[in-house]
**Q** 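The structure under discussion is supplied below as structure tokens; questions concerning it will follow.
Atoms within a ligand are numbered from 1 in the order they appear, just like the ligands themselves. Since we're looking at a predicted model, the values are computed, not measured.
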Amino acid sequence: MDQNRLHILSQTPSIANHFISELRDVTIQTDTMRFRKNLERLAEVMAYRISETLQFAPQTIQTPLAQTQQTLLQEFPVLATVLRAGLPFHQGFLNYFDRSNCAFVAAYRVEGGRELTVHVDYLAAPDLQDQVLVLVDPMLATGKSLVQTYNALLRFGTPKRFIIAAAIASPEGVEFLHQELPNVEIWVGALDEKLDEHSYIVPGLGDAGDLAFGAKK
Ligand SMILES: O=P(O)(O)OC[C@H]1O[C@H](OP(=O)(O)OP(=O)(O)O)[C@H](O)[C@@H]1O
Ligand SMILES: O=c1cc[nH]c(=O)[nH]1
Ligand SMILES: [Mg+2]
């Protein structure tokens with residue numbers, strides 16, 4: 001796998017590993033508020049790490065006592081999020097990139113057929129032309145949701161840089177994204193072993209949307 005286009009937070013031991021293991025832990029994850037908070041906390045760490053790769057420039061700031069030069073972000077990335085599991089992860093990014101414009105997409109996996117399909121309907125986005133786009137979704141399983149979401153977002157303009165941020169990814173999903181979206185940069189909390197026969201990530205954490213917001217009927 002191309003290391004320049006795939007960044008795995010858990011490869012560098014940090015407090016993020018605690019958030020990831022609590023997300024996975026079958027006992028701790030039953031506390032839905034803690035589950036959402038851990039997604040948010042992991043997103044904050046990832047936002048910080050991604051911020052180090054963005055463009056900064058010196059800017060003059062007036063304190064009550066004097067002027068000082070600070071090196072500040074030149075532009076905030078657009079944060080796009082896939083409902084519904086994406087919401088707590090999105091909040092973590094927004095906590096740090098607090099001036100970002102946001103896009104929301106409703107995409108869901110339709111299970112039960114011979115092949116898993118993804119349905120995209122609601123889409124609201126700002127102008128994406130020449131923006132840095134960060135597409136956040138905690139689970140990168142087959143990668144179909146993210147590829148379809150990105151393709152649907154292109155009608156709002158072509159970003160100059162495209163970053164995907166996920167909590168947990170499968171090797172199959174990462175491979176698929178690299179194939180379908182040649183310039184994508186992928187950031188993940190952890191890269192897991194495989195997908196199971198229902199396209200769930202193993203070991204993974206289960207169904208992120210259900211764990212955050214309750215089982216779908
Ligand atoms: O990589 P893929 O195979 O496309 O799967 C990943 C998608 O699955 C989850 O959403 P889900 O469809 O379960 O919807 P939900 O957030 O409403 O639970 C997750 O948040 C991703 O969007
Ligand atoms: O393992 C998976 C795969 C897709 N969506 C989830 O929430 N979990
Ligand atoms: Mg789900």
**Q** Does any N or O atom in Gly209 lie less than 3.5 angstrom from one in ligand 2, N or O only?
**A**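 No; every N/O pair is 3.5 Å or more apart.
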
**Q** Hey, which atoms in ligand 1 end up nearer than 4.0 Å to a heavy atom of Lys144?
**A**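 Counting from 1, the qualifying ligand atoms are 1 (O), 4 (O).
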
**Q** Quick one: which ligand 2 atoms are inside 4.0 Å of a heavy atom on Ala208?
**A**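 Every atom of ligand 2 under 4.0 Å from some heavy atom of Ala208: 6 (C), 7 (O).
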
**Q** If you count the atoms of ligand 1 from 1 in the order shown, which ones are under 4.0 Å from a heavy atom of Thr142?
**A**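 The atoms of ligand 1 under 4.0 Å from a heavy atom of Thr142 are 1 (O), 2 (P), 3 (O), 4 (O).
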
**Q** Taking side chain as C-beta onward, heavy atoms only, is Glu75 less than 4.5 Å from Val132?
**A**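 Yes, their side chains come closer than 4.5 Å.
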
**Q** Any Lys/Arg nitrogen of Glu44 or Arg41 sitting under 4.0 Å from an Asp/Glu carboxylate oxygen of the other?
**A**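 Here Glu44 does not pair with Arg41 in a salt bridge, since their nearest N and O are not under 4.0 Å apart.
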
**Q** Which atoms of ligand 1 are found less than 4.0 Å from any heavy atom of Ala85?
**A**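 Under 4.0 Å from Ala85, ligand 1 has these atoms: 16 (O), 20 (O).
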
**Q** Just jot down the ligand 1 atoms closer than 4.0 angstrom to any heavy atom of Lys216, in number order.
**A**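 Result: 14 (O), 15 (P), 17 (O), 18 (O).
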
**Q** From atom 6 (C) of ligand 2, work out which of Gly206, Ala141, Ser170, Ala85 has a heavy atom at the shortest distance.
**A**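 Nearest heavy atom to atom 6 (C) of ligand 2 lies in Gly206.
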
**Q** Taking NZ, NE, NH1 and NH2 as the nitrogens, is one of them in Glu22 or Arg34 under 4.0 Å from a carboxylate oxygen of the other?
**A**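 Yes.
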
**Q** Establish, from distance only, whether the side-chain atoms of Thr142 and Glu172 form a donor-acceptor pair under 3.5 Å.
**A**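 There is no such pair between these side chains.
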
**Q** Can you confirm, on distance only, whether ligand 1 has an N/O atom lying under 3.5 Å from any N/O atom belonging to Leu146?
**A**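 It does not: no N or O of Leu146 is found under 3.5 Å from an N or O of ligand 1.
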
**Q** For ligand 2, which atoms sit closer than 4.0 Å to a heavy atom of Ser199?
**A**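 Those of ligand 2 that fall under 4.0 Å from Ser199 are 3 (C).
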
**Q** For residues Gln91 and Asn95, is any side-chain donor paired with an opposing acceptor at under 3.5 Å?
**A**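 Asn95 and Gln91 do have a side-chain donor-acceptor pair below 3.5 Å.
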
**Q** Give the ring-plane orientation class for His90 versus Phe104, where under 30° counts as parallel, over 60° as perpendicular and anything between as tilted.
**A**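 His90 vs Phe104 ring planes: tilted.
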
**Q** Should Ser199 be counted as touching ligand 1, given the test is an N or O pair under 3.5 Å?
**A**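 No; every N/O pair is 3.5 Å or more apart.
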
**Q** Going by the order shown, which atoms of ligand 2 are within less than 4.0 Å of some heavy atom of Ile201?
**A**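 Answer, ordered by atom number: 1 (O), 2 (C).
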
**Q** Is ligand 1 under 4.0 Å from a heavy atom in the side chain of Asp207, in the backbone, in both, or in neither?
**A**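 The part of Asp207 near ligand 1 is the side chain, not the backbone.
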
**Q** Could you check whether any side-chain heavy atom of Pro203 comes within less than 4.5 Å of a side-chain heavy atom of Glu193, counting everything from C-beta outward?
**A**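 A side-chain contact exists here, since the closest heavy-atom pair is under 4.5 Å.
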
**Q** At a non-hydrogen distance cut-off of under 4.0 Å, which region of Asp137 contacts ligand 1 (side chain, backbone, both, or neither)?
**A**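 The answer is the side chain.
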
**Q** Have a look at Asp210 and tell me which of Arg84, Lys217, Lys216 forms a salt bridge (Lys or Arg N to Asp or Glu O under 4.0 Å) with it.
**A**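 With Asp210 as partner, Arg84, Lys217, Lys216 yield a single salt bridge (Lys or Arg N to Asp or Glu O under 4.0 Å), made by Arg84.
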
**Q** Over 60° means perpendicular and under 30° means parallel, so classify the ring planes of Phe93 and Phe89, tilted if in between.
**A**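 Geometry flag for Phe93 against Phe89: perpendicular rings.
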
**Q** Looking only at distance, does Ala141 have an N or O less than 3.5 Å from an N or O of ligand 1?
**A**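 By distance alone, the answer is yes.
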
**Q** For ligand 1, which atoms have a heavy atom of Gly209 less than 4.0 angstrom away?
**A**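 Counting atoms of ligand 1 from 1, those under 4.0 Å from Gly209 are 18 (O).
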
**Q** In the hydrophobic cluster built from side-chain contacts under 4.5 Å, what are the other members alongside Tyr48?
**A**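 Listed partners: Tyr96.
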
**Q** Within the structure, is a non-hydrogen atom of Gly143 found at a distance of less than 4.0 Å from ligand 1?
**A**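 The answer is yes: ligand 1 sits under 4.0 Å from a heavy atom of Gly143.
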
**Q** Please identify which atoms of ligand 1 are closer than 4.0 Å to at least one heavy atom of Ser145.
**A**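 Near Ser145, meaning under 4.0 Å from one of its heavy atoms, ligand 1 has 2 (P), 4 (O), 5 (O), 6 (C), 7 (C), 22 (O).
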
**Q** Tell me, do Leu146 and Leu140 make a side-chain contact under 4.5 Å, heavy atoms counted?
**A**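 Of all side-chain heavy-atom pairs linking Leu140 with Leu146, at least one is under 4.5 Å.
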
